Amino acid sequence: QVQLVESGGGLVQAGGSLRLSCAASGRSFSSAHMGWFRQAPGKEREFVAAISWSGGSTDYADSVKDRFTISRDNAKNTVYLQMSSLKPEDTAVYYCSANFGRFLGRYTGNYDYWGQGTQVTVSS
């Protein structure tokens, strides 16, 4: 079992930055690939970014590439999402997730555990 707790969401103006954190406890964090997803009202949950268990590989949705950076600190059991140049269309609840499979994934079905989410609102 893994517990994931997101933090760092809030209200920011367009063009601003936020850093989300996800603290993990339970099953070995350092053996899990980690992902960030988001869900806007009335829309399906969508992939944002993922990072391999070692931090050596990352993957990003085209909509956030070059604006968002995913990273992890295995000593602190924490994964981060640095978001810059935020746009109103980035407004959503952001979810952290853990994947104990062999590969990074972009689909919700690839992930075994989920946090409760943190709200990010970008005003224009």
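Source: prediction; values computed, not measured.
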Taking C-beta and beyond as the side chain, do Val79 and Ile70 meet within less than 4.5 Å on heavy atoms? yes
The criterion is side chain to side chain contact (heavy atoms under 4.5 Å, CB included); which residues satisfy it with Ser63, sequence neighbours excluded? Arg38, Ala61
Examine distances only and state if a side-chain atom of Arg106 and a backbone atom of Val48 form a donor-acceptor pair shorter than 3.5 Å. no
By side chain to side chain contact (heavy atoms under 4.5 Å, CB included), which residues pair with Val120, not counting sequence neighbours? Leu18, Leu20, Met83, Tyr94, Val122
Of all pairs that satisfy side chain to side chain donor-acceptor pair (under 3.5 Å), the ones with a partner from residues 28-37, not counting sequence neighbours: Ser28-Ser30
Using atom types as modelled and distance alone, determine if a side-chain donor or acceptor of Arg72 lies under 3.5 Å from a backbone N or O of Ser52. yes
Do Val12 and Leu81 belong to the same hydrophobic cluster, where Ile, Leu, Val, Met, Phe, Trp and Tyr are linked whenever their side-chain heavy atoms lie under 4.5 Å apart, directly or via other members? yes
At what distance, to the nearest 0.5 angstrom, does CG of Asn99 lie from CH2 of Trp53? 14.0 Å
same_hphob_cluster(Leu104, Tyr80) at 4.5 Å side-chain heavy-atom cutoff: no
Quick one: closest heavy-atom pair of Ser97 and Tyr111, and the distance? OG-CD2, 3.2 Å
Among all residues two or more places apart in sequence or in another chain, which pass the salt bridge (Lys or Arg N to Asp or Glu O under 4.0 Å) test with Asp66? none
Separation between OG (Ser124) and CD (Gln13), nearest 0.5 Å, reads 9.5 Å
Roughly how far, to the nearest 0.5 Å, is CE of Met34 from CG of Asn77? 9.5 Å
Could you report the tightest heavy-atom contact between Ile51 and Ser71, atom names first, then the distance? CD1-CA, 3.7 Å
Pairing residues for Asp112 by the side chain to side chain donor-acceptor pair (under 3.5 Å) criterion, not counting sequence neighbours: none
Output all residues satisfying side chain to side chain contact (heavy atoms under 4.5 Å, CB included) with Val93, sequence neighbours left out; order by chain, then residue number. Tyr95, Gln119
From Phe100 CZ over to Phe29 CZ, what is the distance, rounded to the nearest 0.5 angstrom? 9.0 Å
Which residue pairs pass the disulfide bond (SG atoms under 2.5 Å apart) test with at least one member in residues 22-65, sequence neighbours excluded? Cys22-Cys96
Distance in Å, Thr58 OG1 paired with Lys65 NZ, rounded so as to fall on 0.5 Å steps: 9.5 Å
Can you sort out the partners of Lys43 under salt bridge (Lys or Arg N to Asp or Glu O under 4.0 Å), two or more places apart, ordered by chain and number? none
Answer yes or no: is there a donor N or O on one side and an acceptor on the other, between the side chain of Arg67 and the main chain of Ser85, under 3.5 Å? yes
Look only at the side chain of Thr118 and the backbone of Ser7, and say whether a donor-acceptor pair between them is shorter than 3.5 Å. no
For residues 4-22, which residue pairs qualify under salt bridge (charged side-chain N to carboxylate O under 4.0 Å, His left out), counting only residues two or more places apart or in two chains? none
Any donor-acceptor N/O pair, Asp90 side chain to Ala14 backbone, under 3.5 Å: no
Measure across Ala98 and Leu4 and return the closest heavy-atom pair with its distance rounded to 0.1 Å. N-CD1, 3.8 Å
My understanding is that only residues two or more places apart in sequence, or in another chain, count here; which of them pass salt bridge (Lys or Arg N to Asp or Glu O under 4.0 Å) with Glu89? none
Nearest 0.5 angstrom please: Ser21 OG to Gln82 CD, how far? 9.5 Å
Run the side chain to side chain contact (heavy atoms under 4.5 Å, CB included) test against Tyr107 and tell me which residues pass, sequence neighbours left out. Asn110
Kindly write out the residues that satisfy ring pair (Phe, Tyr, Trp, His ring centres under 6.0 Å) with Phe47, not counting sequence neighbours, or none if the list is empty. Phe37
